[in-house]
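Take a look at the structure below.
Keep in mind it's a predicted model, so treat the numbers as computed, not measured. Count residues from 1 along the sequence. All ligand and atom numbering here is 1-based and tracks the order in the structure.
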Amino acid sequence: MVLMQSYVIEGGWPLKGELVIQGSKNAVLPLIAAALLNEGITVLDGCPDISDVDKMLEIIRHLGCKAYKDKDSIIIDAASVYCDEIPEEMVKSVRGSMLVMGAMLARCGRIAMNYPGGCMIGERPVNYHLSAFEKMGAEVRYVENGILCTCTQLTGCTVALPFPSVGATENVILAAVKACGPTTIINAAMEPEIIELCRLLCIMGADISGIGSKIIIINKGISKRDVQYTVMSDRIVAGTYAYAAAVTGGDICCIVNRDDIMTGISVLCKKMGIKLKYGNDYVRIISGGKIRSIPYVKTEPYPGFPTDMQSQLMSVLSLGDGISVIEESIFEKRYHIIGELLKMGADIHSKESRAYIRGVKSLKGAVLDVKDLRGGAALIIAGLAADGTTTVLDPGYIGRGYERIADNLSELGGNIYLA
Ligand code: EPZ
């Protein structure tokens, strides 16, 4: 049953003040998967209150874990994990479910699940994951409604990724920490969320080197122990609020717990005339007035401009002072919002992986449909800047990754409420 939510926005109100940025969705999901490897208690602090986390907890409970939330902490007892098939509706609901596969192969030697879900931003295959598991000694069978992976003992090996896939890098690390012998990942993704995963696994006893680089070497070492970890702030959520401040003539302070939160985002902010000031636990974003257009920008793996900020950037550049070109190089279907922005009077067209944006003086409020998580956030940004009223109709995507977005924005002075 789809629960349609409507974000009703009156544009033109500048965002002012400060907000604490939530914990990172794309960090906490692999950390929850990692807890499956620990027969002690794993406590994750600073977790975001978002539906993807709830779905991931439902999955690990199905596998025998005790898991509960206490404010922004998650407490997981994985002492009695047993292998089981994960029901299709659970797996389809969250992309992070795929990360359970590596952890369960390592822990139990068996996992059956459907192909993972996630935003419809492309085909999103998992071939890199499965071929790595096979190279480590697992048997992968394609069964009626998904994948059955089994192994007696995983063996360390060298895994060369054709592309620095975030999920595949994380899944191989999760499988490798209990493999016999070292595993080397070549062409590993370098996203900060992977560093978080490696740090937690090292606290659990794993021996991992090359953390944060393209070559990661993993040796076993996990032993039963009680561990605690504080999740990093969500860099994509911080970037989203930064763009919202930029297009509303705002001035906000995002309180964060890592000093590299704006890597990949800050360079483009400066080019657009958005001012950034850093403190030891915050980044301040000050609108620079009219947005300066960007002649060309391409989404790239970290530390390049993140694909998860591409839709939000398109909303911002719709109000630029000239022509901008965005090239989406990571996913093949991440231009859903073009049709929605055109309803607001934007001037955008796309050809293959490029979007051509001619900035307009202003956008006008409209009724818009959300088709993916980051696209939904991008439409809220457009509504905050538009003249008149915008209604963003969301079948549940935005709440997957953004905690209290309407409350946060209205506390910053934005005129937005959830109908
Ligand atoms: C993670 O997705 C993030 N999700 C995505 O964030 C993010 O956009 C993406 O990494 C890239 O940074 C989570 O962490 C839960 P990939 P993931 O494997 O792991 C191809 C959001 O909005 N590929 O790095 O699925 C794939 O098709 C979400 O928070 C294969 O071909 O991304 C894509 O073109 C959206 N075969 C490219 O690699 C594979 O086996 C990058 O995908 C795996 C991936």
Basic-acidic side-chain contact under 4.0 Å: Glu411, Arg404: yes
Indicate, as side chain, backbone, both or neither, the part of Asp308 found under 4.0 angstrom from ligand 1 when only non-hydrogen atoms are considered. side chain
Contact atoms of ligand 1, heavy-atom distance to Arg95 under 4.0 Å: 25 (O)
If the test is side chain to side chain contact (heavy atoms under 4.5 Å, CB included), which one of Ile50, Leu409, Asp234, Ile236 qualifies with Tyr402? Ile236
Near Arg124 (heavy-atom distance under 4.0 Å), the atoms of ligand 1 are 2 (O), 17 (P), 25 (O), 27 (O), 35 (C)
CG of Leu36 to SG of Cys108, rounded to nearest 0.5 Å, is 8.0 Å
Provide the number and element of each atom of ligand 1 under 4.0 Å from a heavy atom of Lys25. 21 (C), 29 (O)
Considering the heavy atoms of Ile330, write down every atom of ligand 1 situated less than 4.0 Å from one of them. 33 (C), 34 (O), 37 (C), 41 (C)
Taking 4.0 angstrom as the limit, do Asp281 and Arg258 come out as a salt bridge? no
So how far is it from Leu384 CG to Leu363 CG, rounded to the nearest 0.5 Å? 11.5 Å
Atom CG in Leu268, atom CZ in Phe305: separation rounded to 0.5 Å? 5.5 Å
Side chain, backbone, both or neither: which part of Phe163 comes within less than 4.0 Å of ligand 1 when only heavy atoms are counted? side chain
Which ligand 1 atoms, with their elements, are less than 4.0 angstrom from a heavy-atom of Arg334? 8 (O), 22 (O), 35 (C)
With atoms numbered from 1 as shown, which atoms in ligand 1 lie under 4.0 angstrom from a non-hydrogen atom of Arg374? 21 (C), 22 (O), 29 (O)
Is Glu89 salt-bridged to Lys92, going by a charged N under 4.0 Å from an acidic O? no
Record the part of Glu170 in heavy-atom contact with ligand 1 below 4.0 Å; permitted values are side chain, backbone, both and neither. neither
Return a yes/no value for Gly167: is any of its N or O atoms, backbone included, closer than 3.5 angstrom to an N or O of ligand 1? yes
Does this structure show an ion pair linking Lys69 with Asp49, if we count only N-O contacts that are shorter than 4.0 Å? yes
Taking atom CD of Glu58 and atom SG of Cys65, what is their separation to the nearest 0.5 Å? 13.5 Å
Using a heavy-atom cut-off of under 4.0 Å, does the side chain or the backbone of Ser165 touch ligand 1, or both, or neither? both
Mind checking whether Met309 has a heavy atom under 4.0 Å from ligand 1? no
Val166 N/O to ligand 1 N/O under 3.5 Å: yes
Is Pro125 close enough to touch ligand 1? Criterion: a residue heavy atom under 4.0 Å from a ligand atom. yes
Check this for me, if you would: do Glu193 and Arg235 make a salt bridge, where the nitrogen-to-carboxylate-oxygen distance has to be below 4.0 angstrom? yes
Using a 4.0 Å heavy-atom threshold (strictly under), name the region of Met56 that reaches ligand 1: side chain, backbone, both or neither. neither
Looking only at distances, can you tell me whether any N or O atom of Thr307, backbone or side chain, sits closer than 3.5 Å to an N or O atom of ligand 1? no
So, for Leu197 and Leu31, which heavy atoms are closest and what is the spacing to 0.1 Å? CA-CD2, 3.8 Å
Does ligand 1 have a heavy atom under 4.0 Å from the side chain of Asn127, from its backbone, from both, or from neither? both
Heavy-atom pairs closer than 4.0 Å: do any link ligand 1 to the side chain of Ile121, the backbone, both, or neither? side chain
